[in-house]
Amino acid sequence: MSPGDLSAILLTLKLAGATSIILILIATPLAWWLAHTPSRLRWIIEPAVALPLVLPPTVLGFYLLILLGPAGAIGGAWVQLTGETLAFSFSGLLIASVIYSLPFAVQPLQTAFQSVGTKHMEAAATLGASPLDAFMTVASPIAIRGYFTAAVLTFAHTVGEFGVVLMVGGNIPDKTRMISIAIFEHVETLSYTEAHRLSIGLLIFSFLVLMAVTILNRRTPVRAG
Amino acid sequence: MTRHILSLPALSLLAGIVTGIAGTVPAQAAEATIAVAANFSSTADKLAKAFKAASGETVVIASGSTGQLYAQIKQGAPFDAFLAADEARPALLHKDGTATTAPSTYATGRLALWSPIPDTIPEDGAAFLGQAELKRIAIANPKLAPYGLAAKESLTALDLWQTYKTRIVMGQNIAQAFQIVAAGGAPAGFVALSQLLAAPEDLHGSHWTVPMDLHTPIRQDAVLLKRGAGNPAAEGFLAYLTSPAGCAIIRDAGYQPPDTCK
């Protein structure tokens, strides 16, 4: 394994880890709201959350590049604040990944919260628990498998990200060069041995992740009623 | 309360970790990041190593397709210089002021007719093509790729375009054209000589280097970008491309080195 490939792997794990942590924090209230709200706004929010599932990553990457670039709304403000460009930096990739992997965090959580229902929350409320208390001590533990699935899928999906990191990242070694880009570059430069080494790693990793999720969802039945 | 999964201290700790991770973008002083067209990236790596040994300056190579790198530069990507695969994009960057120097040719691509099977392509490739023994031939899309256009021009110059027009297997770029032939999709194809020299030994097979007078020169131009002005690593690396040592590396990789170093 070359130092360049090793650094791409570490950088990818860092990006996927940070994306998972941030997304669990963002997706929890969003998924809860989507699972229980009577509001008609959900007919807009729910498809908006699912959008990264169907959009070609290059479309997403293109708009993110414009948004995060120095002339864009977010990128321009960032330059004013920090003097650095947001696109082509790790921070920019992190923002892009959070948007790109959003449905992979929200959807499993939403399903889990839906199956938790509101009965337990109401029971907790009659015992004097605040909504936040009830959510933390009653609903979240019941939905723990949803959290696990969301975290694992988000992590795995971010690891395999290609189109978005190609557009927004800039393939800068040690800064924005991810595994998928390294593989692409190995293929383009005919280094098939190196491309194979990285690809087979990703293939096995993806399979193991899906197997873990499958086993987990089979073994323990849902505790909610 | 003790069963909290995400307590407030834990949340702020996570937030700290995340901002810590996001904040680690190091700013190095004597280092240049050079955007390099994919076809030249392995050669650029060799040049960067030799340049580092000679001068002590560090050059980081970021590679991609010329069009994609151009779009990124326009969006403020942190590149100090740009080694493109064509003449058009560096000229545009110079025109709009993103590049501080006029474009200069750092390498000229050599086209080759290649088959992975030894003894297929004889020394006189033009005569071989004229006998029209090839049932299929792979080329890059002439509308998208300079090497594809050069292949079309060469066949036209040999008065063979009509013969081969219906036998073409087309790749989107020169890397795809190479892959088509390597995978057996066509017995031979027009590829870059540089690809051939960089390919694994068992793929070398036989080839004919197309004479440069059969097609428009495949010039690859470089520019210094505004961000790299005054950066000794960026300016030094561009100068190194025309030094005797740099030219030797470029020639060995299968390109015609710049005229300025002959």
Side-chain angles (χ1 to χ4, degrees), chain A residues 4 14-15 17-19 21-22 24-25 28 62 65-66 68-72 75-76 79 82-95 129 132-133 135-138 140-141 143-144 147 166-177 181 184-185 187-193, chain B residues 1-8 11 13-15 17-28 33-43 45 60-65 68-69 71-79 173-176 178-179 182 191 194-200 203 227:
Chain A
K14 201 165 97 171
L15 181 72
T19 303
I21 292 169
I22 292 174
I24 289 296
L25 297 180
T28 301
F62 174 64
L65 184 55
I66 288 175
L68 303 178
V79 171
T82 66
E84 299 272 331
T85 33
L86 190 51
F88 319 108
S89 72
F90 187 83
S91 312
L93 274 185
L94 193 54
I95 294 175
L132 186 67
D133 253 4
F135 177 76
M136 290 298 196
T137 53
V138 180
S140 279
I144 190 72
Y147 278 101
L166 183 70
M167 306 271 297
V168 179
N171 190 15
I172 303 168
D174 304 329
K175 287 179 191 163
T176 63
R177 184 179 186 208
I181 307 290
F184 180 64
E185 198 177 306
V187 173
E188 286 287 290
T189 53
L190 309 169
S191 315
Y192 295 141
T193 316
Chain B
M1 291 299 275
T2 46
R3 289 211 295 146
H4 276 189
I5 288 172
L6 297 169
S7 63
L8 268 182
L11 280 186
L13 180 71
L14 289 182
I17 293 169
V18 170
T19 44
I21 288 169
T24 51
V25 180
Q28 268 118 355
T33 308
I34 317 272
V36 178
N39 75 345
F40 199 72
S41 71
S42 52
T43 314
D45 279 336
V60 177
I61 305 295
S63 84
S65 80
Q68 170 206 331
L69 292 171
Q72 291 176 342
I73 290 166
K74 294 285 282 182
Q75 287 299 325
F79 299 139
N173 54 43
I174 199 70
Q176 265 185 26
F178 191 95
Q179 283 156 18
V191 299
S194 55
Q195 289 179 300
L196 208 49
L197 298 182
L203 280 176
R227 190 191 150 92

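Keep in mind that this is a model prediction, so the values were computed, not measured. Naming: A, B, ... by sequence-line order, numbering from 1 per chain.
Per-residue counts of heavy-atom pairs under 4.5 Å with chain A were compared for A199(B), A198(B), P78(B), A38(B); the largest is that of P78(B). For the set Q176(B), Q179(B), K74(B), the entry with the most heavy-atom pairs within less than 4.5 Å of chain A is Q179(B). Chain B forms the most heavy-atom pairs under 4.5 Å with one residue out of N171(A), I181(A), T193(A), L65(A), and that residue is N171(A). Per-residue counts of heavy-atom pairs under 4.5 Å with chain B were compared for L93(A), T85(A), L166(A); the largest is that of L166(A).
Once rounded to the nearest 0.5 Å, the distance linking CD of E185(A) with OG of S42(B) reads 9.0 Å.
With a threshold of 4.5 angstrom between heavy atoms, I73(B) does not approach chain A through any atom at all. There is no contact between N39(B) and chain A, counting heavy-atom distances below 4.5 Å. Using a 4.5 Å cut-off between heavy atoms, V79(A) makes no contact with chain B at all. Of the atoms belonging to S63(B), heavy atoms from both backbone and side chain fall under 4.5 Å from chain A. The part of Y192(A) that comes within reach of chain B is its side chain, from C-beta onward, which places non-hydrogen atoms under 4.5 angstrom from that chain.
Minimum interatomic distance between G170(A) and A62(B) (heavy atoms only, all atoms of both residues): O-CB, 3.7 Å. Across all non-hydrogen atoms, the minimal contact from F88(A) to A77(B) is CD1-CA, 3.1 Å. Contact detail for Q75(B) and G69(A): the closest heavy-atom pair is OE1-CA, 3.7 Å. The minimum heavy-atom distance between G76(B) and P70(A), with the atom names listed, is CA-CG, 3.8 Å.
Checking side-chain atoms of Q72(B) against main-chain N and O of M167(A) turns up a donor-acceptor pair under 3.5 Å.
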